[in-house]
Amino acid sequence: MKFYTPHFLNWSLADKYRPLTRKSAPIAGIIGLIMIVLGAAPTVSQAQIVSRYSPNFATGQFNLAQPRFSSDTQQLVDEIKLLLEEAERAGAADPLFLQDLRAAADRFLWPWRNVVLFDDFSDGNFTDNPQWLNPGGFVTVADNVGLILDGTNEGFGVPGGAEGVPPGFTSSSADAWAGSARSYDFVGSDIISPTARRAIRMDNSLEGDFTFRFQLGDEISPTATIGIYPVSSNNRFRSTSGTGGIDRMSSSWWMVGSGDFREGNERQDIVELQPGDIIEYQRKDGQISVAANGILVHEFATKSAVPVRALIAQSGTTSFELKGVSWGLGDPDGANFTFVQASPASWDGGTNDFDFTGDGVETSARSASIRTIDPFAGDFRIIMRIGPQATVTATRIGLYDIQEDIRFDPTDQAGGMRDMTNSWYILSNAARAGCCTERQLDIERDDIFELRRDGETISMLINNQLSHTFVRRSTAPLRLVIGRGSRFSGIVDVDDIAWTVPGNSGSGTATSSFEILQAALQASTGSPSQQPIPDNSAIIIAPTRVKSAFAVSTIILANDFSTGRFEFGVLRLANAFGYRVAIDTENLPTLQLIRSDNGGDVVLATASPPINIADGAPHLVQLTRNQNGVIKLSIDGADFLSATDLRLRSDFGALALLVQDGLFAVRGVTLLDAPL
């Protein structure tokens, strides 16, 4: 008597394998088990877990250790595996059939059963149960958000006092506000409201793209009003009003209490903010929005690019405190807030002809120029404001290749840049390269002027809008020059000069993730590090032994204000060798599977998925590696990358999370390994 493939399989497969004899009982048991379980249990598509977390990440319950398929499916696969082993030992079936059946079962296998580490950060810290080490960068835990890794070099979560104000930001002070300022208490950059109906407004305006930042105090007053309004509505401001008059303005963007967001006098949204949350009013390309702890929580319906002022008001008898109030101009996504400010010690050349005040310079001397002592290598941003007293046609600002240092002249109106081959500058309100004019510009007093290099491309921006891209390109180190023309009366007045740290940005000088991880491991063990951890990185490491077959699951949150690179994976403590996944929310490719060994980082697979990871919603990201070296990356249950790599076979000693040039929140982390 002969047995053939059951009717629910494709009959054409019967010719692929040898007929089975009665003595091959194990394979008959496999087929019977499949029929019984599939008949009694949900189908694979029904059993598949579509979502492992609630859409409301603030309160939702989730289990990061849960496999993709149900427990019934896992039990079926486990029993099939045992029967397959018995069938192979007994020689009870065609080996090709057993191989195909094993491959089919492997697609539904979740071999990672041992929980090595779990942390949802609900205890409010990352230092205990389990203990993570923080060898570099700013890391904190925020209520209702989770772990925050800030690689922006801004110091999110540390407002309060001068040390908490990011470079390029203006720290709040008593003289920065008008209205009932004497009714409020100012302690450094902290503001404490009175217990009466009083309002204050920012004395100066915020123009173009900006960020207005503060931290909510220990208690949130339901009668607090905080927002921004157009300078043109200043006549409606009332210093003795509980709302400051912001509700009577046709255009205004504000909130009441703990997140009741309004535009004009209309309510738009209610978001539950918590004491200690870091709040940012941001404007980019006219879109005004609010972020809490780096996560977007509200976008206002009406866009506006007009100058605005910030307003703080109190309508009740309960005082409230705002900590670390500060603001800065520039693109919230860009590098504008990773700047250091110029100082008198930054300059060389005709310094006797210039007056240096903080980060600004002035001169009325004819034909005088200064240059920066330190050159700018790699990519950079140099930003400044044309002062209110400036004669724009007399102002000379530009860059030149340090190989032309011999041509620099501190007594020349453009520092000699007109006689150089490799120079990029403005002269008489025109963009020039070397001897020649390329484009007429329209720069006015109080404009924000920026010089930028990306790769080889050098460009000029006015008020955050691209004004000119130079034809000639360069990757050489460059110096900044400021000069005054001889044929014009008036003065050169340039304020708020700041730039990215020379030699610490750009593709030519960037520190690799592998080098950062090596330095972090050395720092966490107290060993001297030959490579410093860059300021634009935030990292935490959990020392724990994990087998070579593992699964790491994370729930991450990012939005369009947190462009950057997020990485996680397992490492060896001795040398940082291991496997990681990298998610880049700004640059393509977006996803990478990476192996680190004595050759550095090796990209095993890369892809650009058709999903927006930086959409402000929680996303489940899983990195798995099975006993056969098959590595996979999935997001929200869908596989995006796969590679097979057996180079690293022994156990690992740590789990690491790393962020560069961005801000990411992590709602939970689980590390499992297989019971080998």
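Using a distance-only test at 3.5 Å, with no hydrogens or angles considered, a donor-acceptor pair links the side chain of D636 to the main chain of L620. Judged by distance alone, the side chain of R595 and the main-chain N or O of R580 form no donor-acceptor pair under 3.5 Å. Looking at S326, its side chain never comes within 3.5 Å of a backbone N or O of S172 through a donor-acceptor pair. Under a 3.5 Å cut-off, the side chain of R625 and the backbone N or O of D645 do form a donor-acceptor pair. A side-chain donor-acceptor contact under 3.5 Å links N134 to the backbone of G136. Judged by distance alone, with hydrogens and angles left aside, the side-chain atoms of D190 form a donor-acceptor pair with the main-chain N or O of G324 at under 3.5 Å. For the pair Q215 (side chain) and G276 (backbone), a donor-acceptor distance under 3.5 Å is present. Under the 3.5 Å distance criterion, the side-chain polar atoms of S289 are left unmatched by any main-chain donor or acceptor of H298. A donor-acceptor contact shorter than 3.5 Å links the side chain of R479 to the backbone of I373. Side-chain atoms of N125 come within 3.5 Å of backbone N or O of D128 as a donor-acceptor pair.
Side-chain contact between S537 and I539 is absent, with no heavy-atom pair separated by less than 4.5 Å. Between L517 and L571 the shortest side-chain heavy-atom distance falls below 4.5 Å. In this structure, I382 and E450 have side chains that are not in contact, with every pair of non-hydrogen atoms separated by 4.5 Å or more. At least one side-chain heavy atom of R213 sits less than 4.5 Å from a side-chain heavy atom of I278. Within the 4.5 Å cutoff, side-chain heavy atoms of W347 are placed close to those of L480. Counting heavy atoms from C-beta outward, F640 and T606 have side chains that stay 4.5 Å or more apart. No side-chain heavy atom of T624 sits less than 4.5 Å from a side-chain heavy atom of F550. Residues L657 and L147 meet the side-chain proximity criterion, which asks for heavy atoms closer than 4.5 Å.
Considering L658, V621, V669 as possible partners of F568, the one that fulfils the side-chain contact (heavy atoms from CB on, under 4.5 Å) test is V621.
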- Audit row: D119, R667, salt bridge (charged side-chain N to carboxylate O under 4.0 Å, His left out) steps and yes/no: CA-CA 9 Å; D119 200 346; R667 189 63 182 87; over 6 Å; no

- Message: Using side-chain contact (heavy atoms from CB on, under 4.5 Å), reason through D218 and K323 one step at a time and then give a plain yes or no.
- Response: CA-CA 10 Å; D218 296 335; K323 301 178 180 179; 3.7 Å; yes

- Candidate pair L671 and V570, rule side-chain contact (heavy atoms from CB on, under 4.5 Å), full reasoning: CA-CA 9 Å; L671 172 63; V570 296; 4.1 Å; yes

- Message: Does S642 form a side-chain contact (heavy atoms from CB on, under 4.5 Å) with V630? I'd like the steps, not just the answer.
- Response: CA-CA 7 Å; S642 179; V630 178; 4.2 Å; yes

- Should V581 and L591 be marked as a side-chain contact (heavy atoms from CB on, under 4.5 Å) after you check the CA-CA gap, both sets of side-chain angles, and the distance that decides it? CA-CA 7 Å; V581 56; L591 305 177; 5.6 Å; no

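Across S650 and S548, no two heavy atoms sit closer than the pair O-CB, 3.8 Å. Closest heavy-atom contact between L648 and Y579: N-OH, 3.3 Å. What you find for P135 and I540 is that their closest heavy atoms are CD-CA, 4.5 Å. Residues L117 and A542 share a closest heavy-atom pair of CD1-CB, 3.6 Å. Contact detail for A643 and L604: the closest heavy-atom pair is CB-CB, 3.9 Å. Of all heavy-atom pairs spanning L641 and A605, the tightest one is CD1-O, 3.8 Å.
Electrostatic pairing of D651 and K547 does not count as a salt bridge here, judged by no charged N lying under 4.0 Å from a carboxylate O. Taking the charged nitrogens against the carboxylate oxygens, D597 and R572 have no contact shorter than 4.0 Å, which rules out a salt bridge. With respect to the salt-bridge test (charged N to carboxylate O, under 4.0 angstrom), the residues R371 and D405 qualify.
To the nearest 0.5 Å, atom CG of residue D379 and atom CZ of residue R381 are 6.5 Å apart. Between atom CG of residue L633 and atom CD1 of residue I583 there is a gap of 6.5 Å, rounded to the nearest 0.5 Å. The CZ atom of F514 sits 5.0 Å away from the OG atom of S596 when rounded to the nearest 0.5 Å. Here the CG atom belonging to L273 is positioned 6.0 Å from the CG atom belonging to L216, to the nearest 0.5 angstrom. Taking OG1 from T211 and CH2 from W327, the interatomic distance works out to 13.0 Å, rounded to the nearest 0.5 Å. The CG atom of L623 sits 9.0 Å away from the OG atom of S634 when rounded to the nearest 0.5 Å.
Side chains of S474 and E456: a donor-acceptor N/O pair is absent below 3.5 angstrom, by distance only. A donor-acceptor contact under 3.5 angstrom links the side chains of S553 and Q622, judged on distance only. The closest side-chain donor-acceptor pair between D120 and S122 falls under 3.5 angstrom. Side chains of S513 and E567: a donor on one and an acceptor on the other come within 3.5 Å.
The six-membered or imidazole ring of F210 lies away from that of F212, with a centre-to-centre distance of 6.0 Å or more.
A tilted orientation is assigned to the rings of F121 and W132, their planes being inclined by 30° to 60°.
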